[in-house]
Each structure stands twice: as C-alpha cells, then as structure tokens.
Amino acid sequence: MTEPLAPQYNPSAIESALYAWWEERGLFSPDASAPSAEARRPYVIMMPPPNVTAALHMGHGLNNTVQDVLIRFERMRGRQALWLPGTDHAGIATQNVVERLLATEGQTRFDLGREAFVARVWAHVRETGTAILSQLRALGCSADWSRAYFTLDEGLSHAVREAFVQLHDQGLVYRGHYIINWCPRCLTALSNEEAEKEEVDGHLWHLRYPLARGGGHVVVATTRPETMLGDTAVAVHPEDERYRSMVGTELRLPVVDRLIPVVADDAVDPAFGSGAVKVTPAHDPADFEIGRRHNLASIDIMTPDARISLAAPERFQGLDRYEARRAVVAEFEAAGLLEKVEPHQHAVGHCYRCHTVVEPRLSDQWFVRMAPLARPALDAYRNGTLQFIPERRGDDYAAWLEGIRDWCISRQLWWGHRIPVWYCQVKECSLTTVSRDDLAVCPACGGEVHQDEDVLDTWFSSWLVPFSSLSWPDHTEDLTRFYPGHTIVSAPEIIFFWVSRMIMAGFHFMNEAPFTSIYLHGTVRDTQHRKMSKSLGNGIDPLEVVDRYGADALRYSLVAGMAVGTDVILDPGDLEASFAPGRNFANKLWNAGRFILSNLDGPVRPLAGKHRNVVRRDELSLADRWIIARCDATVREATEAYERFRLNEAAAAVYRFVWSDLADWYIEQIKPRLYGDQPGGDVARAVAIQTFDVGLRLLHPVMPFVTEALWRRVPGRPEDASISVAPWPTADERAADPDALRDFGLVQELIGAIRGIRAEYAIQPGNSVRAVVGAGANTAIRDEQPTVLRLAKVSTLTFGEPAERVGGHAVLSDGTPVFVPLGDTIDLGRECARLGAEVDRLDRLVDSQERKLGNQQFVSRAPAEVVERERDKLMSWRDQRGVLARKREMLGCH
RNA sequence: GGGCGAAUAGCUCAGCUGGUUCAGAGCGCCUGCCUUACACGCAGGAUGUCGGGGGUUCGAAUCCCUCUUCGCCCACCA
C-alpha cells in the first residue's frame with residue numbers, strides 16, 4: 001500500500017484484487033447466528049435471479065447497480081445486510097437455448113428423448129450457470145455468493161413441492177379443461193402474462209352463413225377465418241330484434257357443411273359488426289364460455305403446432321393455420337359467401353420467449369386459484385404497508401390484482417420442476433395422488449403409477465424465492481433472521497410475473513409480505529429510445545465498459561443518468577459520451593486523494609472528540625470552516641437522497657462537494673499552507689483528509705472500488721479495515737456554519753470577478769495583476785488574502801479608493817467595488833460596454849423587483865419572509881448597479 | 001377502447017411542497033492555459049419563447065384545463 005500512486009487512475013489494475021479481498025474477508029456474508037446489537041432488523045434484498053443461460057447485459061447492470069448502492073448504503077449504516085443472489089432455471093428460455101444448440105447438430109429434443117435431453121440441459125447450465133454471477137462481481141456487486149441458490153436446487157425443489165401440495169390441499173390448485181394461451185413453436189401452455197399482447201394490423205372478414213331452411217344468411221365477422229372449421233354455433237344478443245326469430249333455428253356452416261344452431265347469449269355485443277358471432281368453443285376463450293352455457297360441442301381443429309387437425313375436412317388437414325386461413329377465405333369467396341374484408345387493428349398475443357403468435361387452445365392444465373391469494377396482497381397496498389417507488393406503479397399493481405385471473409402453471413416442457421402428481425394406472429383405481437415425495441406405487445391399490453408429464457411454470461419457483469432461498473419450509477436461523485426483507489429492485493415489466501406473486505406467496509406461506517419497498521427502475525434504451533436488445537444489435541456490453549472505463553465509471557453513469565422511474569438513455573455508438581463523466585470523476589477522486597495523501601506528514605489531528613491534539617475551533621480559517629460546513633451539508637443531502645431512493649441526487653451532491661468544493665476551491669486554497677508558505681498546515685491537512693474521507697464514504701455505495709482503494713491508504717487505518725463496513729458519516733449541527741458559507745462565498749465572488757476581468761482583457765496567465773477592493777469589504781476578504789492572491793493571480797490586494805481609474809471594474813453581491821488597474825493597455829470602449837451591459841442587466845432586475853415590491857397584493861399576501869428576502873435582493877442589486885454606474889461616469893463612458 | 005407517463009441548451013437529463021440555486025448539470029462547442037494532484041485537467045465564455053394555447057395566483061418551468069407529439073401498461077367487441 002505504499003507504492004506511489006499513478007497520476008492516472010487505472011481501474012483494471014485494482015478492481016478485481018479489491019473484490020477478491022472483500023469476498024475473502026466475507027464482508028458480504030452476514031452471520032445469521034451472530035448477536036445483532038442493533039435494534040433494527042437486518043436489511044435484505046433478494047436479487048432478481050438472472051436466467052441461468054444469461055450473459056450480463058446493461059439491464060442487469062442497471063438493476064444490480066441500484067441494488068448494490070442500496071445494500072452498501074445500509075451496510076455502512078451499521079445494519080446487517082444480506083443481498084441474496086441466485087440463478088433461475090428459466091424453463092422455456094433455457095429449453096429453447098438448448099434446443100437451438102441441438103438444431104445446429106441436426107437434432108431435436110424428441111430425437112434424444114426426455115431423459116437424455118434434460119441431462120443435456122443440465123450439462124449446459126453447469127457450464128453457463130454461474131458465469132453471470134462472476135460477471136456481477138466485476139460490477140462490484142456485494143452480494144452474498146455463499147448463499148447463492150439455483151431454482152432447481154434440491155432445497156428449492158423441496159420448497160416448490162411443499163407449496164404445490166399445500167395449495168392443493170387448500171383447494172387452491174386444481175386441474176381443469178380450459179382455453180389457455182398456447183405457443184405452437186414452444187409447444188406449451190403459457191400464462192396470461194406470458195402472452196404479450198401487441199397491436200397488429202389485421203383484417204376483419206365478414207362471412208355469410210346460410211340459413212339451413214334456405215332463403216337468406218347471417219353475416220358473422222372474424223379475424224381468424226380458419227377457426228370457422230370448428231364452429232358449432234352462431235350467437236346473437238337475446239334482445240336483438242334482427243335475430244330474435246332466428247334463435248333456435250339452424251345455419252348451414254359453409255366449407256364443412258355442418259348444421260349449427262343460432263343461440264342467444266348476453267356476451268354478444270349487438271353493436272359490433274353484424275351483431276352475430278361465430279362460436280368456436282375450442283379456439284376462443286369467450287366462445288368457450290358461450291359453448292359451456294349452451295352445451296355446444298368443442299371441435300379442436302388444430303394440432304399442437306397450429307396445423308389443421310383431422311377434425312377438419314380432409315383438404316385442410318395438415319395446413320398451417322395461415323395457409324388454412326387463405327384456403328378458407330378462398331372457398332368463401334368462390335361460393336359468393338364472402339361479404340367483405342375490412343382492415344382491422346387488434347391485439348394479438350405473442351409468446352414472450354419466441355414471439356410466435358399464440359393460439360388459444362383447449363386443454364387440460366393445472367391452475368392456481370388466485371383471488372384468495374390476491375386479497376391480502378391488495379389489502380397491504382391499500383393500507384400503506386407497501387411502498388412503490390415511483391408511487392404510480394402501485395396503481396398498476398392494484399389494478400392487476402383487482403382483475404386477477406387464475407394462473408395456468410403447467411407447462412408442456414421437459415426442463416423444470418416436474419408436477420408432483422401421480423396417476424394410478426390401474427383402471428379400477430385411477431387414483432390421482434399429489435405428494436411431497438416421489439411415488440413408486442399407488443398408495444391405494446399398490447398398482448403402477450405414472451407421474452404427470454408436465455413441469456411447472458418457472459415463476460412458480462421464483463415466487464417462493466424470498467423464503468425458499470432461506471431454506472423454507474425448514475425453520476432455520478437464516479429464515480428467522482432474514483425474512484422478511486425490505487426492498488425489491490426490479491423492472492416494471494416484472495411486476496406481474498414476479499413482484500406481485502412474491503407478495504402473494506409471502507402472505508400465504510409466511511403471513512407477511514417479503515418486502516415493503518418496491519423500487520422499479522426504468523429501461524436502458526439507445527438514443528432513439530429503443531430498448532437495448534440483442535436482436536436490434538443496439539446493446540452495450542457492460543463488461544466492455546468495465547474493461548475500458550472501470551466498474552465505478554459504469555455505475556456512476558447509470559446512477560447519475562437516472563431520476564426515479566425514468567429510463568436510462570445510453571449511446572451504443574459513443575461509449576465515451578456515456579461513460580467518460582464517470583471515468584473522469586473516478587480519476588478526479590484518485591488525484592485529489594493522491595494529492596491529499598502525499599501531503600500528509602505525521603499523525604493527523606482529529607477534528608472532533610476528546611483528544612489532546614484535537615483541532616480547536618479558533619485554529620480554523622474561514623476556508624476550513626467553509627469546507628467543513630459544505631461537507632456537513634453534503635452528508636445531509638446525500639443521506640436523505642439515498643434514503644429516498646434518489647440515487648442520482650446523492651451522486652450529484654457528492655460530485656459537487658468533491659469536485660467543485662474540495663478540489664477546485666479548498667485544495668487550491670490550502671496549498672500555501674501545505675507548502676509551508678503559510679501557517680496552519682497541520683490544520684489544513686487534518687481538514688482536507690477528514691472531509692475527503694467523508695466524501696469517500698458518501699460515495700462508496702456508487703463507486704465502491706476507487707473509494708476503497710483510496711480509503712485504505714489513509715494512514716492509521718488497520719490493515720484489514722474496509723470502507724464497505726466503515727461507519728456512515730453523520731451530520732453535525734455544530735458544523736453547519738452559515739457565516740462561513742456566506743463569507744467564503746464573497747471570497748469566491750471576488751476571485752471570480754478578478755478572473756473574469758483577466759479573461760476579458762486577455763491577461764497572460766503568467767502575469768500578476770493588482771487589485772483594489774472597497775475599504776468596507778467584508779473582513780473575510782482581508783483574512784483570506786493569501787487565497788485571493790493565489791487563486792486570482794493577484795500580486796497585491798489593497799483596500800480603499802484606487803489611485804487610478806483605468807482598468808477593469810466589478811462589484812460583489814454585497815456592493816463591494818472591485819478594481820483591477822490595467823494601465824494604458826485597456827480598451828476604454830470595451831470596458832464601458834462591459835460595464836454597460838452589466839448595468840443594463842441589473843437595471844432590468846431592479847425594475848422588475850421594484851414592480852414586484854410595489855405591488856400591494858404581493859406585499860400583503862406573500863409570506864413576510866419572502867417579502868423580506870425580495871427586499872434584500874432589491875437593495876443588493878441597487879447597490880451593485882450604483883457602484884457600476886459611478887464607475888462608468890468616472891471612466892467617462894456614455 | 002381504458003389508464004399512466006414524458007416534452008426544459010446542439011445531445012442526455014436535473015429542477016421535489018409555486019417565491020433561495022430559477023432558468024441549472026454533464027457532454028459537446030468557442031477562447032486562453034502542459035499553473036509542481038489530475039489535459040480523464042484548470043480558468044473564462046456562448047447557447048433556452050421551459051412543446052402550443054388558455055386558466056388559477058400577488059407570483060407558474062412548477063398547479064388546473066386543452067391541443068400537439070412521443071412512450072409505456074392494461075383490454076375476450078368477434
């Protein structure tokens with residue numbers, strides 16, 4: 001730790017070593033049995049488990065950065081902090097990945113058979129399974145890898161079975177014959193949430209169905225003409241006069257030549273189309289209900305891969321659904337039964353994994369009855385137990401719960417948790433057994449049993465994670481200590497898949513919500529506001545960014561570019577533009593630290609506490625007091641911002657403090673003291689290192705690596721101390737120092753005024769000027785002369801009336817005149833114009849201010865405090881204007 | 001069809017409870033500087049009808065209405 005620090009911060013040289021050191025020390029693995037002194041419960045975040053085949057993308061980067069900032073913040077605040085990571089077996093997604101791999105070998109999963117295929121998937125995920133967790137380490141994520149789980153682990157499988165059996169015993173899991181969303185490519189059922197509705201431009205075909213007794217027809221409209229092959233009725237509204245006489249009669253279904261009844265049903269909207277609806281119970285959920293009410297037959301005209309089945313006329317059999325659509329329409333047209341075709345926009349479900357258009361399909365599936373589970377989850381929201389950030393997301397949550405439908409949990413896949421249900425193969429017995437343990441024989445008759453072929457929806461294991469990852473149903477110390485957690489960090493599109501369901505499972509199985517704060521961040525998009533995605537090729541690889549700019553730069557850029565609930569826009573074509581600010585800031589910290597550390601000599605005097613060598617208040621210069629006050633204000637601002645999940649504001653507050661205040665002003669101003677030109681070097685060192693230390697700690701949640709690297713080098717630190725468990729800075733009433741803020745502000749103004757004049761008249765940087773300020777100048781300016789001399793490149797600063805008149809003039813906000821003599825070199829016209837513009841600006845301010853204060857309404861209605869402030873402003877502007885106007889007269893400007 | 005959000009500098013965005021950051025930050029741009037922490041830097045500078053229109057108010061980027069344009073979520077009118 002004593003090697004000299006390079007002038008340029010090189011993240012890749014230190015990040016991985018620091019991370020390894022953190023992990024070795026177990027800093028992120030809280031001990032469930034350790035006595036916890038603090039009254040508050042531990043702070044727990046469940047990491048959204050990435051898919052086992054996933055590679056880190058920017059969405060993970062954002063999601064996990066937010067979580068890491070929060071967990072590091074709370075850890076430093078002294079709470080036991082557990083961030084529990086895991087990976088998800090991701091049923092469909094993973095099965096698809098491996099199927100694609102097989103396809104490159106010219107094979108399908110059916111060639112391998114179930115057992116060999118599952119073995120193949122296991123082999124694959126054993127390779128890819130923890131890759132993403134290592135990638136998260138590169139981001140600096142302080143998760144507890146020792147507790148990492150996989151949703152197909154033995155423990156979690158145990159929990160899944162327990163949950164299934166309990167729900168079944170409570171009558172909340174049932175098997176039923178219903179219309180579900182079916183993906184004809186993945187060959188499985190999907191839940192409603194997994195069928196993504198998308199607006200598509202389609203058509204509305206108006207078809208004529210002739211009356212069976214002859215003499216006319218009924219027109220029905222459909223967006224899927226091919227389904228007419230399975231029609232078993234036409235429905236009309238019972239009150240619809242147009243069709244009243246027809247109800248109970250029969251129509252001759254064209255193409256298939258079948259007689260179907262006209263039925264009356266309330267579900268029909270008489271105002272839409274012709275007011276008559278074709279009814280296909282096997283292929284439409286609404287039609288299915290109508291069919292049930294009227295005892296209609298269901299004719300399944302499609303195979304699992306969405307081809308026309310044997311139930312349809314032979315000439316259609318085997319046709320793809322879209323080919324069949326064309327063929328059906330063609331026959332209607334040929335028969336003169338196609339009334340018209342209209343363009344029609346409607347929402348069509350797409351498989352969320354392969355984007356194939358889903359087909360409503362009638363089949364036997366397992367469902368969870370959701371209404372009873374939703375009730376406590378909804379109550380918790382209404383009574384304020386759950387806090388959504390941003391708040392409006394709570395409305396989405398509540399609306400979804402209010403309209404909740406039963407959850408189809410069976411999937412016709414091979415990769416996942418097999419449904420724990422066994423069917424007795426003995427005809428006379430045929431017992432169905434739901435069991436926690438594998439069944440060898442029928443418990444009733446001892447006959448052969450066969451396990452349900454299907455697996456469970458991936459999300460059925462995910463929704464248990466807040467307690468299954470802590471060994472539930474076993475009552476371990478982990479479960480007792482770390483359930484419930486506090487915050488979940490997710491993307492809005494995951495609310496229904498995961499967040500709401502975890503809350504429901506939490507209430508149902510644990511009697512308590514698994515977390516109370518729900519932080520929903522935005523989406524990472526490119527500059528055209530398109531979601532970053534592999535298919536669009538507009539993604540940014542977070543690891544490449546880490547490689548080039550460091551994890552801290554990546555994290556800072558993500559955090560700084562994101563207000564609560566807004567998207568993060570990054571430019572894939574210009575990484576520099578997106579990540580340079582973070583890189584630059586890391587480098588700034590590095591160099592500020594380098595400077596401060598290299599100037600320390602000997603022990604640092606403490607700023608507070610009962611020490612013999614404590615820095616006394618009367619030893620502090622104005623600048624010392626000022627930076628201490630700014631530091632204190634920053635502690636308040638940043639802490640509050642973190643608490644309110646306003647991470648961008650926390651980052652901005654520390655950025656301002658470190659860069660603008662500490663580096664640009666304080667460090668520059670104490671240089672003479674450090675170099676021995678001025679007394680008080682020991683105080684300056686003490687103030688610099690201790691305020692810098694506070695800055696490092698405030699920033700550590702966002703930029704863990706560079707802050708750790710610097711913090712560890714502060715002399716007197718124990719070898720094994722880590723900033724990640726250093727105490728969070730506390731604000732101190734006594735440090736708030738409004739006088740220092742005001743007075744040093746004037747010094748800054750003075751320096752700015754002189755610099756402005758120097759720049760205006762192109763004074764060579766090497767040349768010093770003289771400066772004269774009004775005799776009545778704030779005493780702070782006298783006291784801080786060395787600062788002014790140095791930072792404004794002034795050789796002498798005098799007080800009183802200047803002997804000369806020609807030069808640059810300015811005025812401070814308290815009315816103090818400033819004069820920089822520039823001799824004959826100055827262009828008088830230029831100075832007159834410069835001052836004139838300034839006087840004009842003040843004129844306008846004074847004018848509007850006078851109008852405001854002349855307004856009786858304002859004076860009487862606005863709070864006295866506000867009026868007082870406005871009066872002060874007016875006086876100050878008048879003073880400034882007066883001073884400058886006199887200068888103009890003196891110079892003979894017109 | 002219902003609900004929600006956004007529009008502020010060339011770009012990406014802050015601006016919370018109307019008046020103490022009130023018109024801001026970073027990037028980019030212009031000028032001058034390799035000043036012994038940092039050129040990934042320092043100093044100075046330019047750039048805005050706060051999307052349009054109405055309203056409430058003593059006072060509006062901020063609250064209300066409306067229009068326009070984008071975006072998101074939900075939805076069994078076939």
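Per chain, numbering begins at 1; letters A, B, ... match sequence-line order.
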(request) Using distance alone, with no hydrogens and no angle criterion, decide if A:Tyr352 and A:Glu196 have a side-chain donor and acceptor under 3.5 Å apart. (result) no

(request) Find which nucleotide of RNA chain B each of A:Lys278 and A:Tyr655 is nearest to by heavy atoms, and output the residue with the more 5' nucleotide. (result) A:Tyr655

(message) From CD of A:Glu226 over to P of B:A78, roughly how many Å is that when rounded to an integer?
(response) 14 Å

(message) So, OP1 or OP2 of B:U20: does either fall under 4.0 Å of a side-chain N or O from A:Lys873?
(response) yes

(request) Look through every strand shown and name the nucleotide pairing with B:G71 as Watson-Crick or G-U wobble, where both distances are under 3.5 Å. (result) B:C4

(message) Without decimals, in angstroms, what is the distance between A:Asn584 CG and B:G41 C1'?
(response) 9 Å

(request) Please work out if A:Lys531 contacts a base, only the sugar-phosphate, or nothing of the nucleic acid, heavy-atom cut-off 4.0 Å. (result) nothing

(message) When the C1' atoms of B:A6 and B:U12 are compared, how many Å lie between them, rounded to an integer?
(response) 14 Å

(message) Taking any heavy-atom pair under 4.0 Å as a contact, classify A:Tyr675: base, sugar-phosphate, or nothing.
(response) sugar-phosphate

(message) What's A:Glu668 touching, base or sugar-phosphate or nothing? Going by heavy atoms closer than 4.0 Å.
(response) base

(request) Measure the acute angle between the ring planes of A:Phe579 and A:Tyr549, then classify it against the limits of 30° and 60° as parallel, tilted or perpendicular. (result) parallel

(request) For the pair A:Phe272 and A:His344, name the ring-plane relationship: parallel under 30°, tilted 30 to 60°, perpendicular over 60°. (result) perpendicular

(request) To the nearest Å, give me how far apart CZ (A:Arg790) and C1' (B:A43) are. (result) 14 Å

(message) Of the options B:A78, B:G44, B:C27, whose atoms approach the side-chain atoms of A:Phe272 most closely?
(response) B:A78

(message) On RNA chain B, compare the nucleotides closest to A:Leu662 and A:Ala759; which residue's is nearer the 5' end?
(response) A:Leu662

(message) Return the pairing partner of B:C11 with a 3.5 Å limit on both distances, Watson-Crick or G-U wobble; otherwise return none.
(response) B:G26

(request) Could you work out which one of B:A78, B:C33, B:A37 sits closest to the side chain of A:Asn591? (result) B:A37

(message) Pairing donors with acceptors under 3.5 angstrom, does anything connect the side chains of A:Asp231 and A:Tyr209?
(response) yes

(message) With a 3.5 Å limit on both atom pairs, tell me what B:C50 is paired to, counting Watson-Crick and G-U wobble, or say none.
(response) none

(request) Name the nucleic acid region contacted by A:Ala580, choosing base, sugar-phosphate or nothing; use a 4.0 angstrom heavy-atom cut-off, strictly under. (result) nothing

(message) Distance to the ring centre below 6.0 angstrom and angle to the axis at most 45 degrees; does that hold for A:Lys671 and A:Phe595?
(response) yes

(message) I'd like to know if the side chain of A:Arg583 reaches the main chain of A:Gly550, judged simply by a donor and an acceptor atom lying under 3.5 Å from each other, with no hydrogens or angles considered.
(response) no

(message) The side chain of A:Asp269 is closest to which nucleotide in this list: B:A78, B:A37, B:C77?
(response) B:C77

(request) Only one of A:Tyr9, A:Tyr556, A:Phe657 passes ring-ring contact (aromatic ring centres under 6.0 Å, His included) with A:Phe585; say which it is. (result) A:Tyr556

(request) Counting heavy atoms from C-beta on, name the nucleotide in B:C27, B:A78, B:A43 closest to the side chain of A:Pro581. (result) B:C27

(message) Please classify the nucleic acid contact of A:Asp395 as base, sugar-phosphate, or nothing, using heavy-atom distances under 4.0 Å.
(response) nothing

(message) Can you measure A:Lys588 atom NZ to B:A25 atom C1' for me and round it to whole angstrom units?
(response) 16 Å

(message) Using the side-chain heavy atoms of A:Trp659, tell me which of these nucleotides is nearest: B:A78, B:G41, B:C38.
(response) B:G41

(message) Roughly how many Å apart are B:G53 and B:C13, using the P atom of each and rounding to a whole number?
(response) 24 Å

(message) Distance check, P atoms only: B:U66 and B:G5, in whole angstrom units.
(response) 13 Å

(request) Please determine, for B:G32, whether a Watson-Crick or G-U wobble partner exists with both distances under 3.5 Å, and give it or none. (result) B:C42

(request) Please measure how far the P atom in B:G48 lies from the corresponding atom in B:A25, and state the result in whole Å. (result) 15 Å

(request) Using the P atoms only, state how far B:C70 lies from B:U20, rounded to an integer number of Å. (result) 36 Å

(request) Could you check whether A:His344 gets within reach of a base, just the sugar-phosphate, or nothing at all, counting any heavy atom under 4.0 Å? (result) sugar-phosphate

(request) Using a 4.0 Å cut-off on protein heavy atoms (strictly under), produce a 5'-to-3' string for nucleotides 7-18 of chain B with B for base contact, S for backbone-only sugar-phosphate contact, and - for none. (result) -----SSSSB--

(message) For a quick test of reading the model: is some side-chain N or O of A:Lys793 closer than 4.0 Å to OP1 or OP2 of B:A43?
(response) no

(request) For residues A:Ala374 and A:Ile404, report the shortest heavy-atom separation together with the two atoms involved. (result) CB-CG2, 4.0 Å

(message) Distance check, C1' atoms only: B:A75 and B:U69, in whole angstrom units.
(response) 25 Å

(message) Tell me which nucleotide, if any, is Watson-Crick or G-U wobble paired with B:G19 when both distances must be under 3.5 Å.
(response) B:C58

(request) Check whether any side-chain N or O of A:Arg790 sits under 3.5 Å from a backbone N or O of A:Ile670 as a donor-acceptor pair, and report yes or no. (result) no

Just the atom pairs and distances: protein N or O near nucleotides 74-76 of chain B's N or O, under 3.5 Å.
{"from": "B:A75", "atom 1": "OP1", "to": "A:Arg405", "atom 2": "NH2", "distance (Å)": "3.1"}
{"from": "B:A75", "atom 1": "N6", "to": "A:Glu199", "atom 2": "OE2", "distance (Å)": "3.0"}
{"from": "B:C76", "atom 1": "OP1", "to": "A:Arg405", "atom 2": "NH1", "distance (Å)": "3.2"}
{"from": "B:C76", "atom 1": "OP2", "to": "A:Lys197", "atom 2": "NZ", "distance (Å)": "3.4"}

(message) Check whether A:Asp552 reaches the backbone of A:Val706 with its side chain - one donor and one acceptor, N or O, closer than 3.5 Å.
(response) yes

(message) Tell me whether the side-chain N/O atoms of A:Tyr397 come closer than 4.0 Å to OP1 or OP2 in B:G3.
(response) no

(message) Under 4.0 Å, heavy atoms only, any strand: does A:Pro863 hit a base, just the sugar-phosphate, or nothing?
(response) base

(message) Using OP1 and OP2 only, check whether a side-chain N or O of A:Asn855 sits under 4.0 Å from B:G59.
(response) no

(message) Nearest to the A:Arg583 side chain among B:G26, B:C40, B:G19, which nucleotide is it?
(response) B:C40

(request) Choose from B:C4, B:A43, B:G32 the nucleotide whose nearest atom is closest to any side-chain atom of A:Arg392. (result) B:C4

(message) For the C1' atoms, the ones on B:G2 and on B:C77, what distance do you get once it is rounded to whole angstrom?
(response) 14 Å

(request) Taking A:Ser490 for its side chain and A:Leu520 for its backbone only, find out whether a donor-acceptor pair lies under 3.5 Å. (result) no

(request) Show the numbers, then the answer: is there a side-chain contact (heavy atoms from CB on, under 4.5 Å) between A:Arg361 and A:Ile180? (result) CA-CA 5 Å; A:Arg361 180 159 196 253; A:Ile180 43 79; 4.3 Å; yes

(request) State whether the side chain of A:Arg242 and the backbone N or O of A:Ser274 hold a donor-acceptor pair below 3.5 Å, judged by distance alone. (result) yes

(request) Nearest whole angstrom, please: distance from the C1' of B:A78 to the NE2 of A:His237. (result) 15 Å

(message) What's A:Arg869 touching, base or sugar-phosphate or nothing? Going by heavy atoms closer than 4.0 Å.
(response) base

(message) Output the rounded distance in Å from CZ (A:Arg841) to P (B:A46).
(response) 11 Å

(message) Please report the distance, rounded to the nearest Å, between CG in A:Leu575 and P in B:C40.
(response) 17 Å

(message) Ignoring hydrogens and geometry beyond distance, is the side chain of A:Gln8 in donor-acceptor contact with the base of B:A37 at under 3.5 Å?
(response) no

(message) If you only use heavy atoms from C-beta on, which nucleotide in B:A78, B:A37, B:G19 is closest to the side chain of A:Thr223?
(response) B:A78

(request) Determine the Euclidean distance between corresponding P atoms of B:G3 and B:C65; express it in Å to zero decimal places. (result) 13 Å

(request) Of all the heavy-atom pairs spanning A:Val818 and A:Ile754, show the shortest one and how long it is. (result) CG1-CG1, 4.2 Å

